[in-house]
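Treat the numbers as computed from the prediction; the structure is a model and nothing was measured. By convention in this document, chain letters (A, B, ...) are assigned in the order of the sequence lines, proteins followed by strands, and residues within each chain are numbered from 1.
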2 protein chains.
Amino acid sequence: MASKEPLVISDKNQMRKWSRRMRSQGKTIGLVPTMGYLHEGHISLIRQAHNLADVIAVSIYVNPGQFSPTEDLSTYPSDFDGDIRKLMAVSGGVDVVFHPHNLYDYGSNTKKTKSGSDNDGVVLSCIEEKGMGHETWVRVENLEKGLCGKSRPIFFRGVATIVTKLFNIVEPDVAVFGKKDYQQWRIIQRMVRDLDFSVEVIGSEITRESDGLAMSSRNVHLLPEERKKALSISKSLLGAKSAAENGQVNCEKLRNLVIQAVSEAGGRIDYAEIVDQESLETVESIKSPAVFCVAAWFGKVRLIDNMEINL
Amino acid sequence: MASKEPLVISDKNQMRKWSRRMRSQGKTIGLVPTMGYLHEGHISLIRQAHNLADVIAVSIYVNPGQFSPTEDLSTYPSDFDGDIRKLMAVSGGVDVVFHPHNLYDYGSNTKKTKSGSDNDGVVLSCIEEKGMGHETWVRVENLEKGLCGKSRPIFFRGVATIVTKLFNIVEPDVAVFGKKDYQQWRIIQRMVRDLDFSVEVIGSEITRESDGLAMSSRNVHLLPEERKKALSISKSLLGAKSAAENGQVNCEKLRNLVIQAVSEAGGRIDYAEIVDQESLETVESIKSPAVFCVAAWFGKVRLIDNMEINL
């Protein structure tokens, strides 16, 4: 079903102007922030946004601020024309695609500076590596630490900062994030609360391939053999969830189910943790709503997945 | 000249509602953030805001997030009724006073947490000390380091964070800050640029007593004798500026003029630095717009002052 073609805006002032015009017309604005290379998971976020807001903005921007220089910024997949086609196929379409070139370029105000974090022993992002003048970062100091924060210490600093920027540019009423990035979703929720953003943050359920693999733009990099092996993540998570529902609430044992299955399939576990759904603190035994979060490498691809366990 | 009584709002949602109503009427909103105990310096900021915006909001909130537990939060002076009288005496008055009780209380969403910074060796603010759930902080990583940042390592983290919160609640078009807090002004400017806030940040000139003392709410704590001695700051800064204008551009020599004068008057220098007006990096010789920044203790009172030097 073909739908309207979205307006594509790359300039941030024009983007804000569009939003303010919509608001002055009494319309509520939904934002779905993405890094592009859209798949069915993104589309499900857009569908959800349609239920919550009058007009929909989708941002497509691969944020260098959340990649360390050694990570896969340069190979992150992109297909802007394909993305637009996919957006046009969504029922109701989207109203605007915000596709900025560089959100850290402040023109004549940009001045090469020393890294801001050089004293703190913090691994730096591609922003500092390029000597851009940007030096303001938003940090959600507790939630950013565990899970993905351990192996990607500047990741959530970059995420919280770019989302702040997008919120300030797009000025949405509601923003939809995928629960696949569970920690990211909780961090954005906390940030919105702590910084008094006037944005409702919605977490949308994980979309999976028919065989259970959580959808991810990075899946495209998996070799066919790796893709099969990667199914061990969702399968073992489902097994652990089911075991918990059948009375096995000992997290050590549940974790071992997943670690063993993924390792046997040839994956390299980054972490497999069962944490409280809100505080993301490790739990030893499942007594309250928990979430089982996994990150593992298959070949050169790092995949994440998770499953909520509500007993 | 008596003026209208300002509307006093303590609830943040009501505050935002007021701003949005004003905006929907086509009015621009000016914000003057203060910690109360208003003096002529604050009034000059409000006058400037009147030139720049249609309606004026003044926030009065002593922000615990920028005080360390050992600093003077508990003795910071306040006089809300007196403040309202002073605001009513301003030509044109002010439209609204935002006077929240506690901007870090998230109600049922607040949960006691561990300190967010315990691993980083960072001195904590009164927020962490009280075990409040707040854990999101905005940091301007370079500019926050020097000058006042050295002796008050969490100060600008607290300032940037509360200003972000105020911007998100009041949603102003323009905000006026005093240049007396020079580093603070530059940090807010940088933060607004880096985080894409849609707020114009204005720096307003220092207001001085007739004898030259920079106005400050903390001056009330100076004993009469200390107050006299404290004049050594502004006098020696003026001397240094005049020396620079007469050809003495060696910063070491200029700094010694001030350090010597303040020390001889019985002040204890925290810092006396000549820095670039934008980067706030120390300069050795004045070749481009610089600012001479001083912090010194007189008795139990820490005072700051500065003078721009544009040769």
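A salt bridge (charged side-chain N to carboxylate O under 4.0 Å, His left out) with A:E135 holds for exactly one of B:R186, B:R139, B:R190; it is B:R190. With B:V138 as the partner, the side chain to side chain contact (heavy atoms under 4.5 Å, CB included) test is satisfied by one option alone out of A:V138, A:T164, A:T161: A:V138.
The most heavy-atom pairs under 4.5 Å with chain B, out of A:N13, A:L166, A:V140, come from A:V140. Of all the listed residues (B:R20, B:R16, B:K12, B:M191), the one sharing the greatest number of non-hydrogen pairs under 4.5 Å with chain A is B:R16. When each of A:L103, A:D194, A:I162 is scored by its heavy-atom pairs under 4.5 Å with chain B, the top score falls to A:D194. Between chain A and the options B:V199, B:I169, B:I187, heavy-atom pairs under 4.5 Å are most frequent for B:I169.
Ion pairing between a basic and an acidic side chain is recognised when a charged N comes within 4.0 Å of a carboxylate O; B:R157 and A:E141 show such pairing.
Both the backbone and the side chain of B:S198 come within less than 4.5 Å of a heavy atom in chain A. For a residue to count as touching a neighbouring chain, one of its non-hydrogen atoms must lie under 4.5 Å from one of that chain's; by this rule A:L143 touches chain B with backbone and side chain alike.
Side-chain atoms of B:D196 never come within 3.5 Å of backbone atoms of A:N168 as a donor-acceptor pair (strictly under, hydrogens ignored).
Residue B:E284 places its CD atom among 12 or fewer non-hydrogen atoms of other residues, nucleotides or ligands, all under 6.0 Å distant.
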side-chain contact (heavy atoms from CB on, under 4.5 Å) between B:T136 and A:V192: does it pass, once the steps are laid out? CA-CA 9 Å; B:T136 309; A:V192 160; over 6 Å; no
